[in-house]
There are 2 protein chains.
Amino acid sequence: MPSKPGAQPARRSAAEPASTGLRERILSATRELLRERRFDTLSVADILTAAEVSRASFYFYFPSRQAVLGELVRDAVAQGQQAAAPWIGGSQDPVAALRAGVRDGARLWRDNAGVLMAIVESQGSDEGLRALWLEQMNLFTDAAVARIESDPQARRRLGDMDVRAVAASLTWMGERLYYLAAAGVPPFDDEEVLVDVLTNAWVSILYGRPVTPPSRIPRAEQRKDAAD
Amino acid sequence: MPSKPGAQPARRSAAEPASTGLRERILSATRELLRERRFDTLSVADILTAAEVSRASFYFYFPSRQAVLGELVRDAVAQGQQAAAPWIGGSQDPVAALRAGVRDGARLWRDNAGVLMAIVESQGSDEGLRALWLEQMNLFTDAAVARIESDPQARRRLGDMDVRAVAASLTWMGERLYYLAAAGVPPFDDEEVLVDVLTNAWVSILYGRPVTPPSRIPRAEQRKDAAD
DNA sequence: TAATGTTCAGACACAGTGTATGGTTCCCTT
DNA sequence: AAGGGAACCATACACTGTGTCTGAACATTA
């Protein structure tokens, strides 16, 4: 059927990682596109162009457009889980620990804004992505439950409330606020405000006491972190 | 161009509201379809069939599929705003007032689950719907801000925190939890749990005190409401 | 050399959206 | 009663996007 196969060995610009596996190229091209464009405006053709990959190759590695996003999300969240790991076993001041965890979340979202916004926005149009996100949020909820259960003070305060429900509500509030921040919706686009509000919510619900404004109390031993 | 126009006067089944304006028919057919089907799986053709309306008529009244949803959402939320009106000027016990407001929200979502889920899920694929939903949530946030500002106790507790941010976070937590409930995601699919958790969040954040379990204290003067 | 795996270009079938055309019916006005 | 226009219809079209398929060019390894 083809009239004249002028197949060239696909010569790529030297600047691009030409030898990299196509699979990786597709993933990172998508991740890159997602930095500026919403997932729903992203056609497979766009990805093909950006990744310099043929249509056939794309479907050789991924069953669908959504599958690519799914993998990107898993990667991002896994990386986030790792960062949040020390959060659970935190033996320091609970409020400081909470705030640190919230800030880690903000950073994770800031660094992976495109991908995370994409899945949040695409849940409505894909069953698989919806399930995936639910699953990821459940992981965070599990961590929060563990955190609460191992904290007598919080347990006491919560009384006979459904601990998992409380943990889940906190998780989802975070999801929503981080998303809004990533979308640039005020007032959450200000990371300071975002972290304050979220931390305050956790502390208020778990301990009842109002959040101890950390910016007002410049303790010497804040939290050892990399440069901000 | 047309070979043979055999146009019949469109005879509808007597059981259906035949004389109703097509516009209304389109709206209610969509609303009905949304009761069982997700918006993204709903094609214009589906709506045409259900409403017994021609394609041309559809586009005569609405510029797009999304516009129909937009109108349904406006209707539902307006109805909800009305129901939530007394919530602001509540002079009763603040906790009871809060709980009542939360419950009203739950009811609104229960009664309009299809439509509300649809817009939440379709934000990602339509700029207009995204803006609309943002706008609606801002209305709720405005109400919450007013509520907080006129409450000395809450104001004091919040200290120098960004009141609007706190109000918005509460609003969005509600949005998320109601949505999850509508989607049947546990543990929020249990209205009792949902209301408890949300109320507790509001009370904890605004007043610091843990929620007074209402089911444990069967006061005679609960809240005068229609039959449950 | 032959088999196998990777990659390509291109075409295809299908579905969905929004627009356009032309025709019908019915009501309201003149 | 004529006729003008609004509401309505069926049909077809142009376009965009998805996922599949074909056939061929390579490259690697057996």
Side-chain angles (χ1 to χ4, degrees), chain A residues 1-13 16-27 29-30 33 37-70 118 122 124-129, chain B residues 1-13 16-27 29-30 33 37-70 118 122 124-129:
Chain A
M1 250 51 129
S3 51
K4 218 146 221 175
Q8 233 82 354
R11 185 160 288 109
R12 275 155 218 114
S13 58
E16 288 297 323
S19 57
T20 319
L22 295 209
R23 198 159 194 290
E24 296 309 315
R25 280 230 301 279
I26 293 170
L27 286 170
T30 304
L33 285 172
R37 209 121 59 91
R38 300 200 177 261
F39 185 66
D40 69 300
T41 72
L42 218 62
S43 73
V44 175
D46 292 328
I47 299 176
L48 302 185
T49 304
E52 291 181 288
V53 155
S54 78
R55 195 172 193 73
S57 295
F58 180 93
Y59 283 105
F60 178 77
Y61 287 110
F62 298 96
S64 72
R65 215 167 111 263
Q66 289 80 355
V68 179
L69 177 56
S122 303
S125 52
D126 188 274
E127 188 60 48
L129 293 179
Chain B
M1 251 47 124
S3 50
K4 219 144 217 176
Q8 233 84 352
R11 188 160 287 111
R12 275 157 218 111
S13 56
E16 288 297 322
S19 56
T20 321
L22 293 210
R23 198 158 195 291
E24 297 308 315
R25 280 231 300 278
I26 292 170
L27 286 169
T30 305
L33 284 172
R37 210 125 52 98
R38 301 203 175 260
F39 186 66
D40 69 300
T41 72
L42 219 62
S43 73
V44 175
D46 292 329
I47 298 176
L48 301 185
T49 305
E52 289 179 291
V53 155
S54 79
R55 193 171 196 76
S57 296
F58 179 92
Y59 282 103
F60 177 78
Y61 289 110
F62 298 96
S64 70
R65 218 168 109 261
Q66 289 79 354
V68 179
L69 176 56
S122 303
S125 52
D126 187 272
E127 189 60 46
L129 293 179

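The figures here come from the full heavy-atom set of this structure, side chains too, leaving out hydrogens, waters and symmetry mates. Note on naming: letters A, B, ... go to the chains in the order of the sequence lines (proteins, then strands), and numbering restarts at 1 for each one.
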Please state how far atom [atom1] in [X] lies from atom [atom2] in [N], giving the value in whole angstrom units.
X: A/E52; N: C/dT7; atom1: CD; atom2: C1'; answer: 14 Å
X: B/I26; N: D/dC8; atom1: CD1; atom2: C1'; answer: 11 Å
X: A/F62; N: D/dT18; atom1: CZ; atom2: C1'; answer: 17 Å
X: A/Q66; N: D/dG17; atom1: CD; atom2: P; answer: 15 Å
X: B/F58; N: C/dT19; atom1: CZ; atom2: P; answer: 11 Å
X: B/R25; N: D/dC8; atom1: CZ; atom2: C1'; answer: 10 Å
X: A/F39; N: D/dG17; atom1: CZ; atom2: P; answer: 14 Å
X: B/L48; N: C/dT19; atom1: CG; atom2: C1'; answer: 14 Å

Choosing from [options], which nucleotide comes nearest the side chain of [X]?
X: A/R65; options: D/dT18, C/dT7, C/dG18; answer: D/dT18
X: B/A56; options: D/dA10, D/dG19, C/dA9; answer: D/dA10
X: A/L22; options: C/dT17, D/dG19, C/dT7; answer: C/dT7
X: B/R55; options: D/dG19, C/dT19, D/dC8; answer: C/dT19
X: A/Y61; options: C/dA20, C/dT7, D/dG19; answer: C/dT7
X: A/V53; options: C/dG18, D/dT18, C/dC8; answer: C/dC8
X: B/F60; options: D/dA7, C/dC8, D/dT18; answer: D/dA7

Closer than 4.0 Å, any side-chain N/O of B/Y59 to the OP1 or OP2 of C/dG18?
yes
Phosphate OP1/OP2 of C/dT7 contacted by A/S57 side-chain N/O (<4.0 Å)
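For C/dT7, OP1/OP2 do not have a side-chain N/O of A/S57 under 4.0 Å.
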Looking across every strand, which nucleic acid part, if any, lies under 4.0 Å from A/S43 by heavy atom: base, sugar-phosphate, or nothing?
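Answer is sugar-phosphate: A/S43 comes under 4.0 Å of backbone atoms only.
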Looking only at atom types and distance, does a side-chain atom of [X] sit under 3.5 Å from a main-chain N or O of [Y], one as donor and one as acceptor?
X: B/R55; Y: B/L48; result: no
X: A/R65; Y: A/I47; result: no
X: B/R25; Y: B/E52; result: yes

Testing the basics here: between B/F58 and B/V53, what is the closest heavy-atom pair and its distance to 0.1 Å?
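Closest pair (atom of B/F58, atom of B/V53, distance): N-CG1, 3.9 Å.
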What are the two closest non-hydrogen atoms of A/T30 and A/I26, and how far apart are they?
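Closest approach of A/T30 to A/I26: OG1-O, 2.7 Å.
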